[in-house]
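For reference, the structure is listed below as structure tokens.
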Amino acid sequence: MKQFLENLSSKEPVPGGGGASALIGAISSALCSMVANLTTGKKKYAQYQNRIDELLPILEQLRTDLLLDIQKDADAFYPLSQAYSLDKNTPDYDKIMEEALLTASNAPMKIVEDVSRLVPILEELEQIGSRLAVSDVAVAAAACSAALKGAVMNIYINTKSMKNRETAEAMNKRAKELSEDGVKRCDAVYEKISAGMM
């Protein structure tokens with residue numbers, strides 16, 4: 001973690017906002033796992049035990065996927081960072097740049113898709129998770145919302161420069177739909193829990 005943050009704070013092109021968003025998503029998933037683990041085996045929540053048992057491996061896989069997304073995002077952005085250093089008179093410059101922009105957009109799209117899988121789980125844990133850990137569901141919801149907002153920005157910054165506007169606009173549309181829906185639902189979970197604390 002320390003090394004990641006040192007690399008993130010440097011002038012190196014990777015990791016950047018996409019990798020940071022994936023990490024925030026992984027933290028959200030880990031918090032959800034913690035809440036599920038604090039709920040499991042408790043008599044008070046026995047009626048939800050089967051569902052908690054189902055959620056734990058799903059959350060573990062999601063956390064793994066998001067951690068892998070950090071490296072995938074770095075790998076996807078590297079060709080674009082190289083393309084930006086090319087002279088515009090380089091043979092096939094436009095093709096190289098377009099392919100690099102598409103690759104660099106696909107990685108944060110995967111992050112948005114993976115983080116979006118957390119949203120219904122957060123809504124569920126707000127209902128069935130241990131009341132002693134409900135504040136952690138709120139923190140996970142806030143992190144999930146931030147991860148979506150961050151990842152989608154890393155799509156938009158790349159699609160903005162793409163010459164194939166049909167592809168760019170299709171990606172933007174999907175990213176916007178997923179992120180806006182997810183953020184709205186995460187924020188609703190956060191607000192509901194927050195209101196119950198007052």
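From a predicted model like this one, the values you see are computed outputs, not experimental measurements. One-based numbering along the sequence shown.
- Distance check, rounded to the nearest 0.5 Å: OG of S179 to CG of N172 gives 10.0 Å.
- With rounding to the nearest 0.5 angstrom, the OG atom of S161 is 15.0 Å from the OH atom of Y156.
- Using a cut-off of 4.0 Å between Lys/Arg side-chain N and Asp/Glu carboxylate O, R51 and E54 are scored as salt-bridged.
- Both L178 and L122 are members of a single hydrophobic cluster when ILVMFWY side chains are connected at heavy-atom separations under 4.5 Å.
- Annotation: K176, atom NZ; neighbour count of heavy atoms from other residues, nucleotides and ligands within 6.0 Å does not exceed 12.
- Counting only heavy atoms from C-beta outward, the side chains of T103 and L80 never approach each other to under 4.5 Å.
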**OP:** Tell me, with the steps shown, if D65 and R117 meet side-chain contact (heavy atoms from CB on, under 4.5 Å).
**Re:** CA-CA 11 Å; D65 290 347; R117 289 157 51 199; 3.3 Å; yes
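- At a threshold of 4.5 Å between side-chain heavy atoms, the hydrophobic network of Ile, Leu, Val, Met, Phe, Trp and Tyr places Y78 and L68 in two separate groups.
- Side-chain atoms of E60 and L56, non-hydrogen and from C-beta on, never get closer than 4.5 Å to each other.
- Here the side chains of K149 and V183 are in contact, with some heavy-atom distance below 4.5 Å.
- Atom-to-atom distance recorded for E99:CD and K95:NZ is 5.5 Å, nearest 0.5 angstrom.
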Subject >> Verdict with supporting geometry, T40 and Q49, side-chain hydrogen bond (donor to acceptor under 3.5 Å, both in side chains) >> reply: CA-CA 6 Å; T40 195; Q49 187 62 55; 2.5 Å; yes
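- Residues meeting the side-chain hydrogen bond (donor to acceptor under 3.5 Å, both in side chains) test with S135, sequence neighbours left out: none.
- If you chain together hydrophobic residues whose side chains sit under 4.5 Å apart, L23 and M153 never meet in one group.
- Under the 4.5 Å side-chain heavy-atom criterion for Ile, Leu, Val, Met, Phe, Trp and Tyr, I111 and L67 are members of distinct hydrophobic clusters.
- Side-chain contact between R174 and E113 is present, with at least one heavy-atom pair separated by less than 4.5 Å.
- Annotation: the span from I70 atom CD1 to S21 atom OG amounts to 10.0 Å, rounded to 0.5 Å.
- For the atom pair L66 CG and I27 CD1, the distance stands at 10.5 Å (nearest 0.5 Å).
- V115 and Y190 end up in different hydrophobic clusters when Ile, Leu, Val, Met, Phe, Trp and Tyr side chains are linked at under 4.5 Å.
- Taking the charged nitrogens against the carboxylate oxygens, K88 and D94 have no contact shorter than 4.0 Å, which rules out a salt bridge.
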